[in-house]
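So the structure is just underneath, and the comments pick up after that.
Per chain, numbering begins at 1; letters A, B, ... match sequence-line order.
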Amino acid sequence: MAETLVRLIPSGGFVCRKGDRAEHWIGIVSGLVKVSSVSPEGKPTTFIGVPSGGWFGEGALLKRESRRYDAIALRSSVVAYMPRNTFFLLLDTNVHFNRFLLVQLNERLGQFVAMVEHQRFLRPDARVAAELAALFNPVLYPGNHSILPISQEELGPLLGLSRQRVNSALHRLERAGLLTVDYGGVTVKDVQGLREYAG
DNA sequence: ACATTAACAGGAA
DNA sequence: TTCCTGTTAATGT
């Protein structure tokens, strides 16, 4: 804790940039951060949203590479930067830290496999439901409450759908009583229901 | 069919 | 003023 620095990143600010040297392991204390990239044609895409409690960026640290993706705060966020030396010291000396990291990696791998599964098998409405539920993974993102402060404008690229399609899906899910649609975000009322939603 | 892009008006921050 | 939402029309697969 003494060596980890904590910074407040304003909404829209960079948490880290593609191409940066990776000097820290990054944790979200509060707020919401998107991990994204830009295609060769110039189209921006978001890969994951990381809410409070989530850690990322260990890949570039472990492989001693530069950052592969941008991370941008979707709203004002408190971000913890653990220096590489601290990260490797803990990795070399602390069993609990290793276990924590292993569980993180395992859960994230499961999240990505599920994401591919959803994209191949589910219709857009069900995909929106499934991915919203995934943002409430209790292992990866402990201590989340039910309000998900992410606009439909950001949700579209995150889910690989147009904003308009996301809008219609959200309203269908709202009519099903699983969530409510607010300005700039959604309030999840029934995570289990979202998981089980099939259209 | 069904999703996407483009465009626009009205509301929120 | 800028961003977000809800909606429609045109377009594409």
Side-chain angles (χ1 to χ4, degrees), chain A residues 6-18 26 28-54 56 67 69-79 111-137 140-141 143-199:
Chain A
V6 175
R7 298 213 318 242
L8 178 67
I9 308 291
S11 179
F14 279 89
V15 172
C16 67
R17 284 173 188 269
K18 185 175 182 174
I26 300 170
I28 309 307
V29 179
S30 70
L32 183 65
V33 168
K34 67 173 176 182
V35 177
S36 58
S37 183
V38 182
S39 76
E41 296 80 33
K43 289 191 174 182
T45 325
T46 303
F47 299 112
I48 44 170
V50 186
S52 56
F56 65 93
R67 303 241 96 109
Y69 309 106
D70 291 320
I72 298 166
L74 288 179
R75 41 196 307 118
S76 176
S77 300
V78 178
V79 179
Q111 187 189 6
F112 273 96
V113 172
M115 199 185 293
V116 173
E117 184 180 27
H118 297 155
Q119 278 186 14
R120 297 195 180 166
F121 292 153
L122 298 182
R123 0 193 64 262
D125 286 343
R127 254 163 71 196
V128 173
E131 296 305 330
L132 284 179
L135 281 175
F136 283 86
N137 179 325
L140 234 36
Y141 312 121
N144 270 328
H145 39 343
S146 60
I147 54 164
L148 197 55
I150 179 169
S151 71
Q152 297 171 18
E153 219 165 13
E154 292 291 351
L155 219 40
L158 175 59
L159 302 176
L161 294 167
S162 66
R163 178 178 70 77
Q164 293 85 336
R165 191 60 187 79
V166 167
N167 179 272
S168 120
L170 286 179
H171 283 289
R172 208 163 302 182
L173 295 173
E174 183 173 48
R175 264 178 266 124
L178 300 176
L179 51 79
T180 55
V181 181
D182 321 315
Y183 183 84
V186 297
T187 304
V188 174
K189 289 159 69 178
D190 183 358
V191 187
Q192 196 54 37
L194 283 177
R195 273 190 200 107
E196 292 162 359
Y197 187 85

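Of the candidates A:T187, A:V186, A:V188, A:T187 is the only one forming a side chain to side chain contact (heavy atoms under 4.5 Å, CB included) with A:T180.
When all heavy atoms are compared, the tightest approach of A:V128 to A:A169 is CG2-CB, 3.8 Å. Closest heavy-atom contact between A:L179 and A:L170: CD1-O, 3.6 Å. Nearest heavy atom pair, residue A:K18 against residue A:S37, reads NZ-OG, 3.5 Å.
The side-chain heavy atoms of A:I72 and A:V33, taken from C-beta on, include no pair separated by under 4.5 Å.
A:R165 and A:S162 share no side-chain donor-acceptor pair at under 3.5 Å.
A donor-acceptor pair under 3.5 Å links the side-chain atoms of A:R127 to the main chain of A:L159, judged by distance alone.
Taking every nucleotide of DNA chain C with any atom under 4.0 Å from a non-hydrogen atom of chain A, the first and last of them, 5' to 3', are C:dC3 to C:dT8.
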A correct 5'-to-3' footprint of nucleotides 4-10 of chain B, with B, S and - meaning base, sugar-phosphate only and no protein heavy atom under 4.0 Å, is SBBB---
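Across the protein-nucleic acid pair, A:R172 atom CZ and B:dC2 atom C1' stand 11 Å apart, rounded to whole Å. Between the CD atom of A:Q152 and the P atom of B:dA12 there is a distance of 15 Å, given to the nearest Å.
Under a 4.0 Å N-O distance rule, the pair A:R17/A:D70 does not qualify as a salt bridge.
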